[in-house]
Structure formats: C-alpha cells, structure tokens
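In what follows, chains are A, B, ... by sequence order, proteins preceding strands, each numbered from 1.
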Protein chains: 2
Amino acid sequence: MTDRAMQEPTLLLLTALADEPRHGYAIAREVEAISSGRVKLRTGTLYGALERLLQQGLIEVHSEEVVDSRLRRTYTLTSPGRTALAVEAERIAATAREATRRLGAGKAATA
Amino acid sequence: MTDRAMQEPTLLLLTALADEPRHGYAIAREVEAISSGRVKLRTGTLYGALERLLQQGLIEVHSEEVVDSRLRRTYTLTSPGRTALAVEAERIAATAREATRRLGAGKAATA
DNA sequence: CACCATATGTCATTAACCGGCATATGGCGG
DNA sequence: CCGCCATATGCCGGTTAATGACATATGGTG
C-alpha cells in the first residue's frame with residue numbers, strides 16, 4: 001500500500017510548503033526551524049521525498065529560476081497536497097489527544 | 001539512528017497500552033478501535049513491534065498466563081515507555097498545530 | 001465438519017529514511 | 001591565494017519498520 005501513514009520528515013516538508021513556495025534547500029532550513037532543530041532533513045531524504053510527492057501530485061514545481069548560474073527549483077503545495085496535509089494533521093492530532101487522554105486516565109500513579 | 005520518529009502503528013500500539021495492560025491480540029483490536037477501523041495491525045507488525053519495544057525498554061511483560069492451554073502474554077508500559085509516549089504525543093501535536101496554522105495563515109484562498 | 005475468532009509467531013518483500021559522496025558557485029578568513 | 005563554509009541539487013548503498021502471506025493451535029458455532 002502507498003497509503004502508509006506519512007512519516008515525520010514528509011509531514012514537516014509539506015508543512016514547510018504550507019505558507020509559501022520554497023526551493024529544496026530552503027525547505028530543509030525551514031523544517032529544521034519548525035522542529036526547533038530536532039529534524040535535519042538529509043538531502044537524500046529531501047530530494048527523494050520531493051520526487052515522491054511530485055509523483056503523488058501533492059506538490060508541484062512552482063518556478064525554475066537560474067541564480068548565480070545554478071538552478072533553483074521552487075515547489076508549492078497542490079490542492080490535493082493541501083487537503084492531504086490537513087487530513088494528516090487532523091489524524092495525528094486525534095491520535096495525540098487519545099494518547100494524552102489515556103496516559104492521564106489510566107493507572108497514572110502506578111509506577 | 002534508533003531515535004527515528006515513531007510511526008503510526010507503533011504510536012497506536014503504545015497508546016493501546018496506556019490505560020491498562022493488554023496482550024497482543026487485544027492490542028490489535030484496541031488499535032483498530034482507537035483509529036476508528038483505519039489501522040489494522042498485522043501480526044507481523046504487531047509481534048515485531050512488541051519485540052522491538054521490549055528491547056528498547058518501553059514496554060515489559062506484565063504477566064504470562066495459560067488460557068485454554070494457550071499462552072497469553074500480557075504487556076504493559078514501563079515508566080520510560082510512558083514518558084516516551086507523552087513526549088511523542090506532544091511532539092506530533094505541536095507539528096499538527098503548526099501545519100494547521102500555516103494552512104490557515106498562508107495563501108489559503110489561492111487554489 | 002468446516003469455518004471463524006482467538007492467539008502467537010516467522011519470513012520475504014517493500015518503502016522511507018539515513019549517511020555519505022559528488023558537484024558547483026560565491027564569500028570570508030587565514 | 002587557498003581552503004572552508006553556506007548555498008544548492010542530486011545519487012546510491014544500507015538500515016529499519018511496516019506489509020502481506022503463511023504456519024500452528026484451540027474452542028465455539030453453523
């Protein structure tokens with residue numbers, strides 16, 4: 001199945017694109033900022049994920065400009081990508097709520 | 001690295017153990033219930049994850065009883081397991097909040 | 001008597017992430 | 001002037017977790 005639950009790096013990548021289009025390297029820095037330095041996207045993960053998300057239609061190339069004779073490809077969320085991120089965010093938020101609830105409601109004072 | 005972010009099946013498994021000890025099969029049913037039928041833990045995932053979590057010290061064997069000449073091993077969260085689940089829940093909740101915030105704050109009305 | 005729920009387990013495959021390497025430019029410090 | 005770092009994109013081998021299928025065993029139900 002391809003609808004295996006999204007992992008943190010992918011989720012953060014999409015989140016980094018949620019407010020405005022960004023190019024690969026900028027995404028990596030943004031992800032690091034969002035996660036307070038916790039998650040540093042490796043280039044292998046980054047460009048691999050971009051490739052995958054393009055094929056899944058969750059992101060698309062926003063623009064390609066040449067800066068200092070270097071290509072800079074900018075990506076943006078597609079409509080389905082926006083929806084997918086919203087769904088995924090709600091899904092994990094619900095799981096987090098349930099986990100927190102059970103931790104509080106259960107045999108909390110045991111250990 | 002072993003501190004790769006927890007995936008959904010693992011997270012749900014720990015959540016299923018958060019309120020009270022359960023044995024493997026009961027965990028699988030509980031996970032399905034928690035996720036509203038969305039996630040059905042395969043036995044490969046289930047027992048593989050239990051093995052891994054035992055080694056990581058996040059869960060431990062609570063009791064081993066023989067019911068109908070069949071072994072029933074019950075697992076429970078350890079103190080570190082409880083902490084890890086709480087940390088992970090807070091972490092993904094924060095990511096979900098940020099994703100939702102950006103989706104709302106960004107170029108929302110574009111597409 | 002066959003099938004299903006209960007219950008635990010193994011194993012090959014797949015997919016995502018990791019870590020390292022490669023390549024290229026422009027700026028800054030030694 | 002030369003090396004290192006930030007910027008920027010990309011490939012590839014290896015690890016790990018989840019998947020799907022198979023195996024085994026019992027008790028209850030149609």
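The CG-C1' distance, from A:Leu50 to C:dA16, rounds to 14 Å in whole Å. The interatomic distance linking B:Glu65 (CD) with C:dT6 (C1') rounds to 14 Å, in whole Å. At whole-Å resolution of the value, CG in B:Leu41 and P in C:dG9 are 15 Å apart. The interatomic distance linking A:Arg22 (CZ) with D:dT7 (P) rounds to 14 Å, in whole Å. When rounded to the nearest whole Å, the span between CZ of A:Arg72 and C1' of C:dT25 equals 12 Å. Atom NZ of A:Lys40 and atom C1' of D:dA6 are 14 Å apart (whole Å). In this structure, CD of A:Glu51 is placed 16 Å from C1' of C:dC17, rounded to the nearest angstrom. Rounded to an integer number of Å, the gap from CD of A:Glu32 to C1' of D:dA6 is 13 Å.
A:Leu71 comes within contact range of the sugar-phosphate backbone alone, with a heavy-atom separation under 4.0 Å but no base atom that close. Within the 4.0 angstrom heavy-atom criterion, only backbone atoms of the sugar-phosphate kind lie near B:Gly24; the bases stay farther away.
Applying the side-chain hydrogen bond (donor to acceptor under 3.5 Å, both in side chains) rule to A:Glu8 yields the partners A:Arg38; only residues at least two apart in sequence or on another chain are considered. Partners of A:Glu60 by side chain to side chain contact (heavy atoms under 4.5 Å, CB included), not counting sequence neighbours, listed by chain and number: A:Thr76, A:Thr78. With sequence neighbours excluded, the residues satisfying side chain to side chain contact (heavy atoms under 4.5 Å, CB included) with A:Ala49 are A:Leu13, A:Arg52. With sequence neighbours excluded, the residues forming a side-chain hydrogen bond (donor to acceptor under 3.5 Å, both in side chains) with B:Glu90 are B:Arg97, listed by chain and number. In this structure, A:Glu65 has no side-chain hydrogen bond (donor to acceptor under 3.5 Å, both in side chains) partners at least two apart in sequence or on a different chain. Take A:Glu64 and apply the side-chain hydrogen bond (donor to acceptor under 3.5 Å, both in side chains) test, not counting sequence neighbours, and it matches A:Arg73. In this structure, the side chain to side chain contact (heavy atoms under 4.5 Å, CB included) partners of A:Ala16, at least two apart in sequence or on a different chain, are A:Ile27, A:Glu30, A:Val31, A:Ile34.
Considering only side-chain N and O atoms, A:Arg42 lies nowhere under 4.0 angstrom from the phosphate OP1 or OP2 of C:dC17. The side chain of A:Arg52 contributes an N or O atom lying less than 4.0 Å from OP1 or OP2 of C:dC17. Put simply, B:Tyr47 has no side-chain N or O that comes within less than 4.0 Å of OP1 or OP2 on C:dG9.
Taking a 4.0 Å limit (strictly below) on heavy-atom distances, residues 6-17 of chain B reaches DNA chain D at B:Gln7, B:Pro9, B:Thr10.
Residue A:Arg4 places its side chain closer to D:dA18 than to any other of D:dA18, C:dA7, D:dG20. When distances are taken from the side chain of B:Arg73 to each of D:dA17, C:dT8, D:dT7, the shortest belongs to C:dT8.
Distance alone, capped at 3.5 Å, is enough to place a donor-acceptor pair between the B:Thr100 side chain and the B:Ala96 backbone. Without hydrogens or angle criteria, A:Thr45 side chain to A:Leu41 main chain gives no donor-acceptor distance under 3.5 Å.
Each of B:Leu46 and A:Val39 was assigned the nucleotide of DNA chain C with the nearest heavy atom; the assignment lying further toward the 5' end belongs to B:Leu46. For A:Thr45 and A:Thr74, each mapped to the nucleotide of DNA chain D holding its nearest heavy atom, the one lying further toward the 5' end belongs to A:Thr74.
A salt bridge links B:Glu88 with B:Arg91: the distance from a Lys NZ or Arg NE/NH1/NH2 to an Asp or Glu carboxylate oxygen falls below 4.0 Å.
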Under 3.5 Å, which protein N or O atoms sit close to an N or O of nucleotides 22-29 of chain D? Give each pair with its distance.
unit_1	atom_1	unit_2	atom_2	d
D:dT26	O2	B:Arg70	NH2	3.4

